[in-house]
Amino acid sequence: MSSATPLIQLRNISKAFSGREILRGATLDINRNEITAIIGKSGGGKSVLVKHIIGLITADSGEIIFDGIPYSTMTRKDFSAIKSRCSYMFQNNALFDSMTVFENIALPLREKFQLSDKEIEEKVRARIEQLELGEVAGMYPKQISGGMQKRVALARALVTEPEIIFFDEPTTGLDPIRKKTVFSMIHRYHEALNFTAVIITHDIPDIFYIAHTVNILDEGRIIYSGSPVSLEQSSDPGLYSYTHGHEMLLDELTGLHNRLALMRKIEAFGAQDSDQLVLATVRLVGMRTIMDYKGELLAHAFISKLAKFVRSFLPQGACAGMFSKEILVLAAGSGDDSTLEMFLRQLAGYFQNLAIETYCHKQRLQVEIGGALITKGASAYSAIQEALATSKKYV
Amino acid sequence: MKNILAFPAMLGASSLGIIRNVGQWGVFSLTALLGMVHIRRLIPKILYNIYFIGFKSLNIIVLVAFFTGMVLGLQGYYTLIKFSAEGMLGVAVALSLVRELGPVLTAIMLIGRAGSSISAEIGIMRISEQIDALSTMDVDPVRYLVTPKVIAALICFPLLTAIFNCVGILGGYFSSVLLSSRSGIYFSKIQSSLLLSDVTGGFVKSYVFAFIVITISCYCGYYTHQNQSSAGAEGVSNSTTSAVVQSCVYVLISDYVITSFLM
């Protein structure tokens, strides 16, 4: 078997519960010694999909192939051998509440390995120390916080040093510092032990930094499978919400369109009867510097203020959106050269009167305004570039 | 036409459901019994379950047995005196207890005290994915959770039944002492009338009841998630109720069947 062959292949997996379809022909490859991430909406069937691999759920249809051998042809013993190579960290931890933290971590070692008590103690203590659980080793799961329970579950998953580990939302309920610790620990262990990891998570973009392959499960199907870099570069609108989820919240808050929505809106204008569309660009000079040196929150405060002014300025039927972190685009409707010139002058005058810096922690923001007319059928991207080329310094 | 067919359809569905459940329970019980192959690793869990099922039930068994014996003594005395046969009170109490009431009441008390608790415990483990966690570790959950309980029950039920019988007979004796001055005849009649077959018959029952009670209790908890009508805490509650009701019903049915064979 070549190393390029996926270790686990899920082919057209379908599953319904009480008539409700959760998976509709999901196909997924898990490569050997790689970290594979599965992202998707809550309740979308990510855990259900992964539980098929470990045998907790049986598919209504489809096939799972492990190391080239289909599950359907395996004996119970073969499947048991696969399970002994795997470890699963449950979303809600699934710790044994009648056992202490130490006993929980030691359980897989006691039940599956012929180890002496001393060896078990050493291995468990090592994991306890790595995950900073020393103080709670003698406590019961109900006596410790949710975050600690998560770490206990993680310790239990790692203690047997398995070849394949399934992490079902390993960072849910953890504070940001612990989240980073968990991801960096998975990454570090992966580097050291070279195991195959499957991580179900909502932590975007953190997961993109450690995953080799990202899979997006949507409506019961895998709609994307590839590297995080390819995902980031993708212009597929269906993937935008997954890659720019955080920005979408900001768009929602400011009321400005995001880049994708803006381009679509501009192109929709172009598809209408009007021959030319008046387009203005506002380059927020220094916004990058503010973001880098002063922080994202201050930058957001600026854009929020700006969005408020822009919304009151725009004529009926016009739209505005952020092309990038420092380029605001306004599409003001149909017109000709004179309309464009008038619009830009009004805009410049408006910005001169704004004194926006007084609102935002006394940070000064320079504005450069440019404009262009889009002819019917022209690309929105090139029109924005054209407008930017005419940018003049106004404030 | 639709209404006419609805009843047979419902009947058919119910019958299939019962057959499926009985089959599933049979496989489940067999798996638990097969788990005894690796009994050495289960010893600590068996000991714990003996403590939980047996020792912790001792108080309630003694209490119930004593008062059952006293009530039997009272009722027996006032019945037998009508035939001037009060001397046979000891035999009546002992035979009632050893053949029937001892095994049955012990089983019913243990259903209430241990069976319900076991069912709830396993049900909670099921809904909190602890059983799934065992499965992912390649640990057979039935062998790990159910087999030690089955072994412990098979040890505890006959012992508790024996204690129940002894205490019950003692309770009957107290009734007899309170009501009649001829108490000495109580034990002598028991000694002369009670046969070994009566005692072994009672123990056979207690073994069968142990197996029925513990497997049904574990089964109801283990398959809590298959309960279509309820989930979560309500599902566990329904499983526990179901475990108690089914255990009682099957204990009484099996009691009749065994008695008819033993007689």
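Proteins come first, then strands; the chains are lettered A, B, ... in the order of their sequence lines, and each starts at number 1.
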Using a cut-off of 6.0 Å, state whether more than 12 heavy atoms not belonging to [X] lie near its atom [atom1].
X	atom1	result
A:H187	NE2	no
B:Y207	OH	no
B:H38	NE2	no
A:Y189	OH	yes
A:F17	CZ	yes

Which bit of B:S128 is near chain A, if near means a heavy-atom gap under 4.5 Å: side chain, backbone, both or neither? backbone
Checking A:R110 against chain B: side chain, backbone, both or neither under 4.5 Å from a heavy atom? backbone
Hey, what do you get for CD (A:E111) to CE (B:M137), rounding to the nearest 0.5 Å?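 The CD atom of A:E111 sits 9.0 Å away from the CE atom of B:M137.
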CG (B:D138) and CD1 (A:I54) are apart, to the nearest 0.5 Å, by 9.0 Å
Interface residues of residues 80-100 of chain A facing chain B - heavy atom cut-off under 4.5 Å: A:S80, A:K83, A:S84, A:C86, A:Y88, A:F90, A:N92, A:A94, A:L95, A:F96, A:D97, A:M99
Do B:Y144 and A:L107 have side chains that approach each other closer than 4.5 Å (heavy atoms only, starting at C-beta)?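 B:Y144 vs A:L107: side chains touch.
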What residues of residues 41-48 of chain B make heavy-atom contacts with chain A at a cutoff under 4.5 angstrom? B:R41, B:K45
Option that, when pairs with chain A are counted at under 4.5 Å, heavy atom only, ranks first among B:I131, B:L134, B:D132: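 Maximum pair count with chain A is reached by B:D132.
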